[in-house]
Amino acid sequence: MTEQALKLGPYTLQSRLIVGTGKYADFEIMEKAIEASGADCVTVAIRRVDFSAKETLLDHIDRSRITLLPNTAGCFTQEDALRTARMARELLDTQLIKLEVIADQETLLPDPIATLEATKILVAEGFTVMAYTSDDPILARHLEAAGAASVMPLGSAIGSGRGILNQNNIRLIVDTLKVPVIVDAGVGTASDVAIAFELGVDGVLLNTGIAHAKDPVKMAAAMKLATQAGRLAYAAGRMPVRQYASPSSPMEGRVGG
Amino acid sequence: MNVTINGKDQELPENATVADILRELGLESRLVAVECNGRIVPRDRHSLSLVAEGDRLEIVTLVGGG
C-alpha cells in the first residue's frame with residue numbers, strides 16, 4: 001500500500017488510477033482528461049474495423065507513455081470473451097487483458113461462473129488476467145486461486161455512477177486477497193475514488209465518471225487528487241469509529257465548573 | 001470470389017492473401033487483427049495466408065471503451 005507503483009503480473013503501472021477511453025464527446029477531450037487524471041494505463045475495446053473512419057483512437061494515445069489494457073467488453077459468453085482476448089493479444093502483443101463476461105444487457109453484471117472458467121483458461125494460455133467481478137468476497141478468492149493477476153470488484157453497475165454500494169464487501173476482499181484489488185465500475189465522482197482507496201484497494205478503474213462529467217478534464221483532475229487523498233488517509237490509519245461522542249476540548253478548567 | 005468480411009459479403013479477386021485484402025481495404029498501415037473462419041491469422045502470416053471462396057473474415061481494431 002505504501003509502495004507507489006502498482007504491479008500486475010509482469011506489468012508495472014505508476015498511477016493507481018486506470019481510466020477508460022469510451023463515451024467521450026471527442027478524442028481531444030479524451031486526451032486532455034487522460035492527461036489530467038495522471039493515468040498511465042487506459043482500457044480499450046476490440047471491435048470490427050470501421051472502414052470509413054478518418055481518425056482513430058490510437059492517433060490520440062501516446063503508447064510510449066501509456067499502457068493499453070484491452071477489455072472483453074460486450075462479451076456475453078465465455079467463448080466470446082476468450083476469442084476477444086486472443087484477438088487483443090494478436091493486436092497488441094500483450095498478455096494483459098481485462099476479462100469481462102457479462103450476464104445481461106440491462107444490468108451488465110458479470111457472470112460469475114463464466115468469468116471464473118474463462119480466467120482459468122486464459123491464465124493457462126499465459127494471459128495476465130484482470131478479472132472484472134462482483135463484490136462477492138468468496139468469488140474473489142476463487143478468482144485469485146484461479147490465477148487472476150488482479151481481482152476487480154465492481155462498486156456498483158457499469159456506468160451507473162452509484163459509487164461503492166457495499167463497502168464492507170470491498171474491505172473483506174482487500175483483507176483476504178494477496179493480489180491487487182482494483183475497484184472497477186460504478187465510480188461516479190471523486191469521493192467514490194477516495195472511499196475506495198480508504199478501504200485499502202490497490203487501484204481504481206473508471207470511465208463514465210470522467211467521460212460523462214460536465215467537465216471531464218476537471219473531474220479527471222479531481223479523481224487524481226482523490227486518489228492521493230484516499231491513499232494517504234489509508235496509510236495514516238483513520239481514527240476508530242465510536243458509538244457515542246467524545247469531546248475534542250477538555251472538560252477540566254471550564255469557567256463556572 | 002465471394003468472401004464475408006465483418007458480416008458483409010464482398011467480391012474480391014481470386015487468390016488474394018490476407019495482406020492483399022487488407023491493402024484492398026486501405027488497412028495496410030492500420031493496427032488490425034484478422035480472424036479467418038474463427039481462427040486468428042497471425043500478423044507474420046498475412047502475406048502467406050490465401051483466402052478462399054466462402055471464407056468468413058473478421059477484421060478488428062481498438063476502439064474507445066471502459
Is the shortest heavy-atom distance from the side chain of [X] to the side chain of [Y] under 4.5 Å?
X	Y	value
A:Val49	B:Leu27	yes
B:Thr61	A:Asp50	no
B:Arg43	A:Asp93	yes
B:Glu58	A:Arg83	yes

Report summary line: Ranking B:Ile40, B:Val41, B:Val34 by heavy-atom pairs under 4.5 Å to chain A gives rank one to B:Ile40
Query - Options B:Gly65, B:Ala33, B:Gly26, B:Gly66, ranked by heavy-atom pairs under 4.5 Å with chain A, top entry - result: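 Heavy-atom pairs under 4.5 Å are most numerous for B:Gly65.
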Query raised in the report: What are the two closest heavy atoms between A:Leu57 and B:Leu62, and how far apart are they?
Result: CB-O, 4.2 Å
Query raised in the report: How close do A:Leu91 and B:Val60 get, heavy atom to heavy atom, and via which atoms?
Result: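 What the structure gives for the nearest pair is CD2-O, 4.0 Å.
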Inspect the surroundings of [atom1] in [X] and state if more than 12 heavy atoms from other residues, nucleotides or ligands are less than 6.0 Å away.
X	atom1	result
B:Arg56	CZ	no
B:Glu28	CD	yes
B:Glu53	CD	yes
A:Glu28	CD	no
B:Glu24	CD	no

Query raised in the report: Rounded to the nearest 0.5 Å, how far apart are CZ of A:Arg47 and CG of B:Asn6?
Result: 12.5 Å
Query raised in the report: CZ of A:Arg48 to CD of B:Glu35: how many Å apart, nearest 0.5 Å?
Result: 10.0 Å
Report summary line: Okay, A:Leu68 and chain B: the region with an atom under 4.5 Å from a heavy atom over there is side chain
